[in-house]
Amino acid sequence: MPEPTQITVPPHLLPSDGRFGCGPSKVRDAQVRALVEAGTSVLGTSHRQAPVKSLVRRIRSGLTDLFDAPEGYEVVLGNGGSSAFWDVATLCLVRERAQHAAFGEFGAKFATATTRAPFLEPSQVVTAPPGSVALPELADGVDVYAWPHNETSTGAMAPVRRVPGSREQGALTLVDATSGAGALPVDLAETDVYYFAPQKVFGSDGGLWVAILSPDAVARLEEIESGDRWVPEFLSLQAALTNSRLDQTLNTPSVSTLVTFAEQVDWLNEQGGLAWSSARSATSARTLYAWAESREWATPFVTRPEDRSTVVGTVDLDESIDATQVIAALRANGILDVFPYRKLGRNQLRIGMFPAIEPTDVELLTQSIDFVVDALA
Ligand SMILES: *Cc1c(COP(=O)(O)O)cnc(C)c1O
């Protein structure tokens, strides 16, 4: 058997861009050019002045358009990424008890955050094994229902629909859309908080969180933050909201992240918005899953076709093929980051299919994998 790194994939089988990671993910050339152009006018200037504030405004209004946000919904930004937002939500949005649906690492992490909070009642957690989807269920005493739109660790996507009866109960719906936002269809009226970070679909860098809040979510944070609970200022959603309304962040943001983020939001809107991006990712996903189903040695990891993510594809390989060798051979040929989520521990490939990635490149990727598997045999 050849050394994986000695395998040379013929150039005509190689994708035009080798970045298939699930975050950070492919940054388009136009985003990098925007960064260069921002050079002396925006980079290295104050985030309290017009040039940077107008970037934040572009992002906020661009996202409002992209998601066709209902009247009264507000786009809020803060530093710290989606992981920080779990703590923000635990402190500022959960009144007494949260219920989570968890079917992978990310859903479980938010559940852990609220479970550990000493000022909350024990969280309810509805679980399903990796590769499937769990959904929350109406329960007494719950004031927040939470689940991921797309579970990046397993490649399963979930519907975004309020739990029937949850509104009447006065509960909020929080959806972690970190890897789905901008490439999966969504009706924001079915959520109170749709939150994400820009290093996945938006091809920007990590370190920022974005949350689109309904008026009910704003009322909840105001209720909680005016009460007895101690909320550190850095984790205050009220502070983030106040600053966002002025097109600012509480503390200094990464300006370059804002530049590449704004560029991608504009690009998605110019191309045709969420309908366009969702269709583009769905095209890539059809190619990937049809290929996996047609190979004897490959199987889509997510069992039910309707649960298979159109942005993060997971494909199990037969045990006769060592996925780490396939991944090493691909990497030696410039195809990067197709490893599975580390804690899932499967003989698997995981492939980003975000809108920045050309559907034809996903097709070529499958041909490159075929070549490598053949060469390793
Ligand atoms: C990547 C990811 C996160 C973590 O995002 P950070 O910005 O790195 O904290 C959370 N949830 C989901 C669904 C993700 O894909």
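Counting convention: from 1, in listed order, for ligands and their atoms alike. Residue indices begin at 1 and follow the sequence shown.
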Note to self: Does Arg161, at its CZ atom, have more than 12 non-hydrogen atoms belonging to other residues, nucleotides or ligands within less than 6.0 Å?
What the structure shows: no
Next item on the list: Inspect the surroundings of CD in Glu233 and state if more than 12 heavy atoms from other residues, nucleotides or ligands are less than 6.0 Å away.
Entry: no
Check: Is the shortest heavy-atom distance from the side chain of Ser368 to the side chain of Leu330 under 4.5 Å?
Finding: yes
Margin query: Any salt bridge linking Glu358 with Arg280? Criterion: basic side-chain nitrogen under 4.0 Å from a carboxylate oxygen.
Written below: yes
Notebook entry, point to check: Name the residues with a heavy atom less than 4.0 Å from ligand 1?
Noted result: Gly81, Ser82, Ser83, Trp86, Phe106, Asn150, Thr152, Asp176, Thr178, Ser179, Ala197, Gln199, Lys200
Notebook entry, point to check: Taking the six-membered ring for Trp, are Phe85 and Phe196 ring centroids under 6.0 Å apart?
Noted result: no
Next item on the list: Could you tell me whether the side chain of Arg60 and the main chain of Ser244 form a donor-acceptor pair under 3.5 Å?
Entry: yes
